[in-house]
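Here is how names work: the chains are called A, B, and so on, in the same order as the sequence lines, proteins then strands, and each is numbered from 1. The figures that follow rest on heavy atoms only: side chains count, while hydrogens, waters and symmetry mates do not.
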Amino acid sequence: MKKPISYDHLKLEKKWQSTWKKSGIYKTTEGSKKPKSYILDMFPYPSGSGLHVGHPKGYIATDVLARFKRMSGFNVLHPMGWDAFGLPAEEFALKNKIHPSIAVKKNVKRYKEQLSVLGFCYDWDREVNTTDPEYYKWTQWAFLQMHKKGLTFESHEPINWCPSCKTGLANEDLDNGKCERCGSIVEKKPIRQWVIRITDYADRLLKDIDALNWPNSIKESQKNWIGRSEGSELTFKIKDSKEEISVFTTRPDTIFGVTYVVLAPESHLVEKLKPQIKNWDKVQSFIKDVSKKTQIERTAEGKEKTGVHLNGVFAINPANNEEVPVWIADYVLADYGTGAVMAVPAHDERDFMFAKKYNLPIVSVIGSEHVSDEKSYTGGGTLINSGKFNGKDSESILSEITKFCGGKTVVRYKLRDWVFSRQRYWGEPIPLVHCAKCGVVPVPEKELPLKLPNVKFYEPTGTGESPLAAITKWVNTKCPNCKGNAKRETNTMPQWAGSCWYYLRYMDPKNKKMLVDPKKEKYWSPVDVYVGGTEHATRHLIYARFWHKFLYDIGVVSQSEPFTQLRNQGLIMGPDGQKMSKRFGNVVNPDDIVKLYGADTLRVYEMFMGPFDQAISWSTDNMIGSRRFIERVWRLKNKVVKKAELKKETESLFHKTIKKVGEDIQEFSHNTAVSSMMILLNALEAEENVDKDTYEKLLLLLAPFTPHIADELWSQLGHKKSIHIEKWPLFDEAKLVNDSFKITIQINGKFRGVLETNNPEEAFVLKAIMEKVEIQKHLEGKEIVKQIYVKNRLVNFVVKG
RNA sequence: GCGCGGGUGGCGAAAUUGGUAGACGCACUACCUUGAGGUGGUAGCGCCCUUACGGGCGUGGAAGUUCGAGUCUUCUCUCGCGCACCA
């Protein structure tokens, strides 16, 4: 590799980093009268393997923005911290036989070093760490507030269990039936757990999405995840029984087409119907079979649905009092809707396949022509076979039929309540106490933080009990209520808990009395720009919104949404086009790149590579262009004189560039911001001389992107103060327009030439064009049917012949 | 299956929002510079025909709207992502 010639980036960058540290220019001030700008990265999970070159992409973009905003007169909050509880840290610790608390400290140190060489302008005084008791005290506090409000409950229902991670998981932690973290196939297992009623917030989480300035894809993902559907709850009485089956349907209009009713195999109703069920043995063995299957097996067997008829049980259709058979089948989910469906095989694909398989009747109630022997019809139309509703339009009759059947209109969500307990060591202890006399009693707030006991052995047990359960000294406690003997809750919180509110802690990191001072919260909230990866679309970003809304409801925060604007960085792939990962051996370490070309070059390159939100392969070879750019800025200094007159076009270009760079930074269009600076540089290089003022402004434009070299050249020009506390340059509106125009000449839409003029009058322009020889050539012997003149821009002659 | 986002030179990509497609950068070619080099500079660089002048074609494909389409409309192919038996 070639050695840099113009400047020694290693020495220079180190020098400026320590200068900034000493002068403290990046410290955020409180009580400022300036407008605020809160620019935030999703804080990293400090894993053992350190940063690769893809991680800083988002950090660079926010750093550029933060620097730009600071120069533009904003009071900027741009902090960094660590999301350090959870499985990865614990697994790393187990593997390397060091305690997670030590491993986290080590990893944080390494991350911090790696970040520090990139020249970010974080205010490290506000650093937070979710594993710090002074931090998780407030995570626990928030949980207790939820508990108080009845937003938590203890459940023994079967949940997702990862046999390899040995813990229960939330719905959000699954990826196609597999553990999102380790890829193991998840089982259903009944274990005692704490659950948060996030579904109580489903409607608000959904409604408020529209107003957010977020990428469309993330908004759609969340909408999809929350999965609202409007429908009806209808009740089917059971013949000769006081039990009844309540079903949820979005198609009450098809009720006359019901030919059977299906319960989920897990339904508690099945047990209650036992006396009536004549084939109980068969039913029971089916239920057992299904329960043994994992979610993957249940869905992978594909669309092949299985079920068993509950012999002797009949449900009564509320619409026509018809008796229909009752089945249990694996295609009905226990935890959605009511866990039971009315089956209308004529107008539902799944019911149709099931009916075909088990020879159940298919009754068409919409149009007569739609349903065939091969296919159901799921659209709308005119009702038939539907008693007094015959002839009506199916889509406009939903609520009328619901009423007719004695049902009610309801809204259902796909979102499930948040399984909040983990049977693992490395997480926030859930601050509850179990007392034989008083039941579940919260740990008094003044006793928070409830510290995670520091122990030697913390391997997961796999029994459904947390390893904390074995620490008798910690578990055995007194009931805060009756002072009798009691036991602590031993489950810990999921990894996502700590990241639900950290952005609030940055506002007020040292507050011991409350989660956040309302005055500070009011000033800094909400986060103006939040940047991170798309992988958080339906996990962190839903949990955090929920958590925030809860805090809003109890008056802790002043806004109902935490993140006004969200931006996702695209992945940087390995040079081989695969995802950068140790597994593929294609990891590029930023430390090596900094050594080779310097942080400034890395920053420019990552911003210049392509659109911010797009995935692009890394190429160390391509970086040379960014390095050359910086070198040429350095060398341009040789042309700087006190006073010099720039060409008119160069001057105009200069003002356009100031405008564009500022706009592009805010729109995360960094690649075009960099390219416009390159264009400007090309023009300045073509000048005889460049005046000092112009050169200084160029440095100001560069400062957010290349903070080290900008400050170096700035100081070489004789400035005593850092360039980073200077004002962003202003552009002159009047200089944006050129005084001559290049007018495109087209004939029949084809480009035939250019007219350069400073007189935009139509008559003049047309005349001047007609005088051009190369144009006359094309018009000769032809009739001009029409001429279009777009002022200052284009002329098009439509000709015939 | 449903939802979202893409397809532009050898490569990463731009395109004043309907007005000269390929800016900027990488790679490549030629020449100059340097004692030497993955240095610096100048010029060239979408494809095809032409020594040249010049011309034709060209933004996944087909059609449409328009004086004019990468941009708008319809259909279609294809790639990526998210959700997925959600009744």
Using every non-hydrogen atom in the two residues, find where C405(A) and P318(A) come nearest and quote the distance to one decimal. O-CB, 3.7 Å
Where is the tightest heavy-atom contact between F654(A) and L698(A), given as atom of each residue plus distance? CE1-N, 4.4 Å
Which value, in whole Å, describes the distance between the [atom1] atoms of nucleotides [N] and [M]?
N      : M      : atom1 : value
G25(B) : G46(B) : P     : 15 Å
U71(B) : A63(B) : P     : 14 Å
C45(B) : C28(B) : C1'   : 8 Å
U66(B) : C11(B) : P     : 36 Å
G55(B) : G60(B) : P     : 26 Å
G64(B) : A13(B) : P     : 32 Å
C77(B) : G61(B) : P     : 15 Å
C85(B) : G80(B) : C1'   : 25 Å

Centroid-centroid under 6.0 Å between F354(A) and Y260(A) rings: yes
Does the separation of the ring centres of H370(A) and Y377(A) fall below 6.0 angstrom? yes
Quick one: [X] [atom1] to [N] [atom2], roughly how many Å, whole number?
X       : N      : atom1 : atom2 : value
M678(A) : A13(B) : CE    : C1'   : 12 Å
E220(A) : G82(B) : CD    : C1'   : 10 Å
D335(A) : C85(B) : CG    : P     : 11 Å
I624(A) : G40(B) : CD1   : C1'   : 12 Å
L333(A) : A84(B) : CG    : P     : 11 Å
K219(A) : C83(B) : NZ    : C1'   : 19 Å
D621(A) : G10(B) : CG    : C1'   : 15 Å
D175(A) : A84(B) : CG    : P     : 9 Å

Given RNA chain B, 5'-ward residue of the pair S217(A) and N671(A), judged by closest heavy atom: S217(A)
Take V674(A) and Y336(A), find for each the nucleotide of RNA chain B with the closest heavy atom, and name the residue whose nucleotide sits nearer the 5' end. V674(A)
Reckon [X] touches a base, only the sugar-phosphate, or nothing at all at heavy-atom distances under 4.0 Å?
X       : answer
V332(A) : base
S229(A) : sugar-phosphate
R228(A) : nothing
N748(A) : nothing
I616(A) : sugar-phosphate
P611(A) : sugar-phosphate
N622(A) : sugar-phosphate
R412(A) : nothing

Using the purine O4'-C1'-N9-C4 or pyrimidine O4'-C1'-N1-C2 torsion, is G10(B) syn (within 90° of 0) or anti? anti
Is the base of U66(B) syn or anti, if syn means a glycosidic angle within 90° of 0? anti
Taking 4.0 Å as the cut-off, does a side-chain nitrogen or oxygen of [X] come that near to OP1 or OP2 on [N]?
X       : N      : result
R628(A) : C26(B) : yes
K357(A) : C85(B) : no
Y331(A) : A87(B) : no
S675(A) : A13(B) : no
N176(A) : C83(B) : no

Does NZ or CZ of K57(A) come closer than 6.0 Å to the centre of the six-membered ring of F612(A), within 45° of the ring's axis? yes
From L263(A), V262(A), T249(A), residue fulfilling side-chain contact (heavy atoms from CB on, under 4.5 Å) relative to V341(A): V262(A)
Using side-chain heavy atoms (C-beta onward) and a distance below 4.5 Å, is Y605(A) in contact with Y597(A)? no
Can you tell if the side chain of E733(A) reaches within under 4.5 Å of the side chain of L736(A), non-hydrogen atoms only? yes
Quiz item: K305(A) side-chain donor-acceptor pair to C85(B) base, under 3.5 Å: yes
Going by side-chain contact (heavy atoms from CB on, under 4.5 Å), name the residues that satisfy it together with Q746(A), two or more places apart in sequence or in a different chain. T744(A), L794(A), N796(A)
Can you find a side-chain donor-acceptor pair between Q569(A) and R567(A) that sits under 3.5 Å? no
Paired to C31(B) by Watson-Crick or G-U wobble criteria (both distances under 3.5 Å) is G41(B)
When you get a sec, tell me which of G25(B), C85(B), G82(B) is the closest nucleotide to the side chain of F608(A)? G25(B)
Filtered N/O pairs between nucleotides 16-19 of chain B and protein, under 3.5 Å:
{"residue": "G19(B)", "atom": "N2", "partner": "Q746(A)", "partner atom": "OE1", "Å": "3.2"}

